[in-house]
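All remarks here apply to the structure that follows.
Quick caveat, the model's predicted, so the values are computed rather than measured.
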Amino acid sequence: LLIFKIGLIGFFLANIFSQITSALYLAIKVKIVDYVDLKCKAYELTYDMLKYSIPLIATVIGWWINSTADKYVVVFMLGTAANGLLSVSYKIPQILNTFQGIFTQAWQISAIKEYGEDDTSTFYGKTNILMCIVCAGLIILTRPLAHILYARDFYAAWRYVPFLLVSSVINCASGLLGPILSAKKDSKAMMLSALVGAGVNIILNIALVYAIGIQGATIATVICSYIIYAVRK
């Protein structure tokens, strides 16, 4: 951006090269060439992998709808100014999402490796309790944090943070169930939960935003997060 001055394209190229660099490093480190056999015709394995992975595409699309539907509905029904407030309100829940990402990555391998062990439920319970404690602390600190993180014109966005924080906790519970379903090779359940949540999300967003404004979008997000969790569980 500063030296070559190629603007937005430079931003994308930087991200692309960073992914290529890490991929090449890993390929060299694990000597991936030793595992490549072009003559191998593992049709049964290929079928099993496609059967498992194709529903995950729909899962990602469902999660994308769940995370963005509220913004599109708010823009369409209330305008870009209202969407600005909603978008800014996500800054504080992002703190909680960072914690979630750390636990989910640590949990992903352990859940598959130790599936069915007693430690599975213990880790799951302790992580959810910790997330609830962090969520409660952030709800109490929402207004002081809003003074620090939000520009003066967007300070009112603090009103929409608590429901988004609760939604993040429920999403964490759902996210921790994901690796368990992966261990069971049950990608269809993940797809079903995401698509059901996406459908309900769109309907509730339209109804609640029309009825009570921006806060309706955050309430819809909480309800849909719980539906996804319930279907997965």
Side-chain angles (χ1 to χ4, degrees), residues 56 59-60 62-71 86-150 155 157-187 189-194 196-198 200-201 204 215 217-233:
L56 296 179
T59 304
V60 173
W63 275 111
W64 175 76
I65 293 172
N66 280 310
S67 62
T68 59
D70 54 350
K71 297 182 181 71
L86 181 62
S87 298
V88 167
S89 67
Y90 273 93
K91 281 190 176 182
I92 295 175
Q94 192 60 44
I95 299 170
L96 198 58
N97 292 336
T98 302
F99 277 95
Q100 175 191 343
I102 294 168
F103 287 117
T104 302
Q105 287 185 38
W107 170 238
Q108 199 142 14
I109 297 173
S110 300
I112 295 172
K113 187 178 178 182
E114 301 174 13
Y115 174 65
E117 301 292 331
D118 292 337
D119 290 345
T120 300
S121 57
T122 302
F123 181 90
Y124 183 77
K126 286 183 177 179
T127 301
N128 283 328
I129 290 171
L130 180 60
M131 290 293 287
C132 288
I133 293 171
V134 175
C135 175
L138 288 173
I139 289 175
I140 293 169
L141 296 172
T142 292
R143 294 185 73 169
L145 285 172
H147 275 295
I148 299 169
L149 298 175
Y150 300 167
Y155 176 70
W158 74 266
R159 302 174 187 274
Y160 313 117
V161 171
F163 281 116
L164 294 176
L165 285 169
V166 174
S167 174
S168 293
V169 172
I170 301 172
N171 285 339
C172 176
S174 297
L176 293 175
L177 287 174
I180 297 174
L181 292 171
S182 295
K184 293 181 68 176
K185 297 182 180 178
D186 190 2
S187 58
M190 289 189 274
M191 177 185 70
L192 179 65
S193 65
V196 169
V200 175
N201 197 337
L204 281 180
Q215 197 69 277
T218 64
I219 295 171
T221 300
V222 173
I223 295 171
C224 294
S225 295
Y226 181 78
I227 289 171
I228 292 170
Y229 165 76
V231 172
R232 284 192 171 194
K233 197 166 188 301

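Between the Asn66 side chain and the Gly62 main chain, a donor and an acceptor come within less than 3.5 Å of each other. Between the Arg232 side chain and the Leu177 main chain, no donor and acceptor come within less than 3.5 Å of each other.
When all heavy atoms of Ile228 and Gly197 are compared, the pair lying nearest together is CG1-CA, 3.9 Å. Residues Leu86 and Ala217 share a closest heavy-atom pair of CD2-CB, 4.3 Å. In terms of heavy atoms, Cys224 sits closest to Val200 at SG-C, 3.7 Å. Of all the heavy atoms in Ser187 and Leu56, the pair that sits closest is CB-CD2, 3.8 Å. Nearest heavy atom pair, residue Ile92 against residue Thr142, reads CD1-O, 3.7 Å. The shortest non-hydrogen separation linking Tyr229 to Ile170 is CB-CG2, 3.8 Å.
The line from OH of Tyr155 to NE2 of His147 is 3.5 Å long, rounded to the nearest 0.5 Å. Here the OG atom belonging to Ser89 is positioned 11.5 Å from the CD atom belonging to Gln94, to the nearest 0.5 angstrom. With rounding to the nearest 0.5 angstrom, the CD1 atom of Ile65 is 8.5 Å from the CG atom of Asn201. Expressed to the nearest 0.5 Å, how far SG of Cys135 lies from CG of Leu130 amounts to 11.5 Å. For the atom pair CD1 of Ile95 and CG of Leu141, the computed distance is 9.0 Å after rounding to the nearest 0.5 Å.
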Name every donor-acceptor pair, under 3.5 Å, that has one atom in a side chain of residues 157-167 and the other anywhere in the protein, sequence neighbours excluded.
unit_1, atom_1, unit_2, atom_2, d
Ser167, OG, Ser225, OG, 2.7

Original post:
Should Tyr90 and Asp70 be marked as a side chain to side chain donor-acceptor pair (under 3.5 Å) after you check the CA-CA gap, both sets of side-chain angles, and the distance that decides it?
Top reply: CA-CA 12 Å; Tyr90 273 93; Asp70 54 350; 2.5 Å; yes

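Contact check for Val169 versus Cys172: no side-chain heavy atoms found under the 4.5 Å cut-off. Taking 4.5 Å as the limit, some side-chain heavy atom of Trp63 sits within range of a side-chain heavy atom of Asn171.
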